[in-house]
Amino acid sequence: MSARLLRRVLQEREAAPLDTDVADDDQPAEDEASPPRSSARNLFDLLDDGNGDGDEEDKEEDETEIIQALSYTEQKHSVQKKANVVPETNKKSKKKKKKSKAEPSSTKSKDAQSLDSILEAIENNPIQQRSYQSDRAAGKEIETNEATHGASCVLAIDPRHLKGENEMRRIFGSKVVDSFENQRNMPSSSRQVRGARRVVHNPRKTLLVSPPSYWPPWDKSISMDLLEMKNGLNYFRYTYDPSVSHVQELFEAAKAANDLNAIAAILGKYPYHPESLLTFAELFKYSGEHQSSADAVEKCLFALECAWHPLFSPLQGNYQLKFSHDTNKPLFTALFSHMKNLDRRGCHRSALEVCKFLLSLDSDDPKGALFCIDYFALRSQQYKWLEQFAEEYQCDNSLWLFPNFSFSLAIARFYLERDAASECSDDADKSTSLDLMKQALMLHPMVLRKIVDKAPLKDSSWTQILRNVFFGSAKPGSPSLEHMINIYVERHYIMWRFPELQNLLKEAALLVIESLKQDNREAQDWACLRKEAFSSEKNEYSHLLVSDFSDTTPSLPPEELRPFMVGPGMVHEMPPVEQEAGPERLRAPREVAGRNPAVVFLESLLPWVDYGDNHHDANNDNDDD
């Protein structure tokens, strides 16, 4: 049946008028060369041809007819090409010019007709229709499996909200953002040498950042390798190219000598070295140049994303990059800094998506993404997602026992109740926001005093509440819990400046005091639960600095930072590896005479800074000279 179907389709193609504008005197020659044409038939008649396909002789005849038809079409196309190349008379050439003018429209109509006829024939063919339906059902099954897998993964990343520029366009409009980006890119044109040709470069598109046109092309100095596949997860690790392996040695030597000129020289030759970019990002941040710091972080993320393995995709969630590998650490540091920069710009939803990505990289959470993901969910008004995350995310302890989640879940329930009241909906099966806030205060009473001091809450009623023994003399009970409370207050204190949340907290605190007057054993039960949940005698989160979760950035005086800043003209050629890694460079002492004592003290805390033992002798020698 398929052979007969193919033969009839070929005959219908040949039956279509190919030369509509050819003169009548050319038609006899064309008719002699053409086989007898079949009359136009209804395509639904093809259904009646399925009964005579039993004999092998018919199949052989069909195959021979198909071969003859194909050979004929090839011959005819070759004859037409030769006729178009070598015209015989002027009359024919004029007619062929007319034909060429009318050829595009006629070709489009013929292609559309032939495509429609083939689709109708396939739809009316029961065998092919059944195969098409089976393929379609299989495709639907695959799509449903992917949809259920994506819905079950609470850390699924939405690529539409990954970039801060997209969120700023939704907030301020495209015109405002485009004008800001144009002003941002204007200094890049001034860097061009006058009279030199400007190189046009179109950087590759990435998920995390939008690279500007003045960035150099990616140098492919780093790549990502697949280590193993275990329990449905792919484990990856970044590796440096062997040709640039010495660059890391240069950076370690420059860092040990506290030589920013050498690090600037590394970036002059290798502009996408991740650790050098992150070093200058920190330098710009402490000098108050936040935009330059954000640019350095985005440049680092661009290089790291370009090096991703083909099997690595943030949208799938089946990956792990362990922080224990040194080459993976720049990605964690860059994502954490990028997340804070997005929050500073007001792009809370983008910061939430980046925080999801950071948390999904390593299940051990080395950067403490769990202590700020609830904050970004509240700021971006993702209240339902926060409740779903607290229920589905797998952790050693239940998330509602953590100080940040115990209070954030109450805040999320408060706003969901307010939205439900306006929409006339009811969630009777869930605890109210007042009950959740009361439980949070019973579990972590120490948080109330720290919030009142940090926010600050200046109402006189808070003084009366803190005089209660339960809140006034509350203790954390373990170093880990105290550190977590300090991180929570530093990160979330700004949420308690909203009047509606202050009223909720005050009402819950008064209910706690009233309930304790009636039954004091409830406080002991919550204390036992707190001690059981956080039973460690050492601080398990000591690697997380409270200052890393703060909105304020410490800055140093400009006169002290000026010697560390490197201008464009100071970037020199890369010295040999032997000169950079020499022992005299590693132990280069720093001068302390005439400097700010506070800066010297902060600098002395760095492990790679060495002031030497004989700088006083050197000063005496200079005085004698």
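The structure presented is a predicted model; accordingly, all values stated were derived computationally and were not measured. Reckoned from all heavy atoms, side chains included, excluding hydrogens, waters and symmetry mates.
The aromatic rings of Phe371 and Tyr541 sit perpendicular, their planes meeting at an angle over 60°, well past the 30° parallel limit. Relative orientation of the Phe405 and Phe402 rings is perpendicular, given thresholds of 30° and 60° on the angle between their planes.
Partners of Asp551 by salt bridge (Lys or Arg N to Asp or Glu O under 4.0 Å), not counting sequence neighbours, listed by chain and number: Arg491. By the side-chain hydrogen bond (donor to acceptor under 3.5 Å, both in side chains) test, Asn503 pairs with no residue at all, sequence neighbours left out. Under the side-chain hydrogen bond (donor to acceptor under 3.5 Å, both in side chains) criterion, Gln382 pairs with no residue, sequence neighbours left out. Here Leu277 pairs with Leu267, Lys299, Cys300 under the side chain to side chain contact (heavy atoms under 4.5 Å, CB included) rule; sequence neighbours left out. The side chain to side chain contact (heavy atoms under 4.5 Å, CB included) search around Glu228 returns Lys230, Tyr235, not counting sequence neighbours. Residues meeting the side chain to side chain contact (heavy atoms under 4.5 Å, CB included) test with Val176, sequence neighbours left out: Phe172.
Remark: aromatic rings of Phe407 and His492 are distant, center separation not under 6.0 Å. Ring-centre distance between Trp218 and Phe302: not below the 6.0 Å cut-off. Checked against a 6.0 Å centroid threshold, the rings of Tyr375 and Phe549 do not count as neighbours.
Ion pair Glu490/Lys454 flagged as a salt bridge, since at least one NZ, NE, NH1 or NH2 atom sits closer than 4.0 Å to an Asp/Glu carboxylate oxygen. Between Asp225 and Arg237 there is no salt bridge, since none of the side-chain N atoms of the basic residue sits less than 4.0 Å from a carboxylate O of the acidic one. Remark: Asp459 engages Lys506 in a salt bridge, criterion side-chain N to carboxylate O under 4.0 Å. The existence of a salt bridge linking Arg349 and Glu353 is confirmed by a sub-4.0 Å separation between a basic side-chain nitrogen and an acidic carboxylate oxygen.
Side-chain atoms of His273 come within 3.5 Å of backbone N or O of Ser276 as a donor-acceptor pair. A donor-acceptor pair is defined here as one N or O able to donate and one able to accept, closer than 3.5 Å; no such pair exists between the side chain of Glu289 and the backbone of Phe284. Without hydrogens or angle criteria, Asp362 side chain to Phe323 main chain gives a donor-acceptor distance under 3.5 Å. Proximity of a side-chain donor or acceptor of Asp364 to a complementary backbone N or O of Pro366 within less than 3.5 Å is not detected. When atom types are taken as modelled, the side chain of Thr333 and the backbone of Pro330 share no donor-acceptor pair closer than 3.5 angstrom. In this structure, the side chain of Tyr270 does not engage the main chain of Ala265 through any donor-acceptor pair within 3.5 Å.
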Checklist line | CA sep, side-chain torsions, deciding dist, call: Lys384, Glu387, salt bridge (Lys or Arg N to Asp or Glu O under 4.0 Å) | finding: CA-CA 5 Å; Lys384 291 184 178 179; Glu387 291 186 345; over 6 Å; no

Notebook entry, point to check: So Tyr493 and Ile451, side chain to side chain contact (heavy atoms under 4.5 Å, CB included) or not? Walk me through it.
Noted result: CA-CA 6 Å; Tyr493 76 94; Ile451 288 177; over 6 Å; no

Next item on the list: Start with the C-alpha gap between Val247 and Ile266, add the side-chain angles, then the distance that decides, and say whether side chain to side chain contact (heavy atoms under 4.5 Å, CB included) holds.
Entry: CA-CA 7 Å; Val247 178; Ile266 293 176; 3.7 Å; yes

Next item on the list: Apply side chain to side chain contact (heavy atoms under 4.5 Å, CB included) to the pair Asp374 and Leu409, showing each step before the final yes or no.
Entry: CA-CA 8 Å; Asp374 57 314; Leu409 288 175; over 6 Å; no

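With no hydrogens or angles considered, a side-chain donor-acceptor pair links Asp435 and Thr432 at under 3.5 Å. Side-chain atoms of Ser293 and Tyr286 form no donor-acceptor pair, as typed in the model, at a separation below 3.5 Å. A donor-acceptor contact under 3.5 angstrom links the side chains of Tyr238 and Trp308, judged on distance only. Side-chain contact of His290 with Arg345: a donor-acceptor pair under 3.5 Å is absent, judged by distance alone. If you check the side chains of Gln388 and Tyr393, you find no donor sitting under 3.5 Å from an acceptor. Looking at Gln291 and Asp295, their side chains do bring a donor and an acceptor atom within 3.5 Å of each other.
Both the sub-6.0 Å distance and the 45° axial angle are satisfied by Lys367 relative to the ring of Phe336.
In this structure, Leu162 CG and Leu352 CG are separated by 10.0 Å, a value rounded to the nearest 0.5 Å.
In terms of heavy atoms, Lys163 sits closest to Leu208 at CG-O, 3.7 Å.
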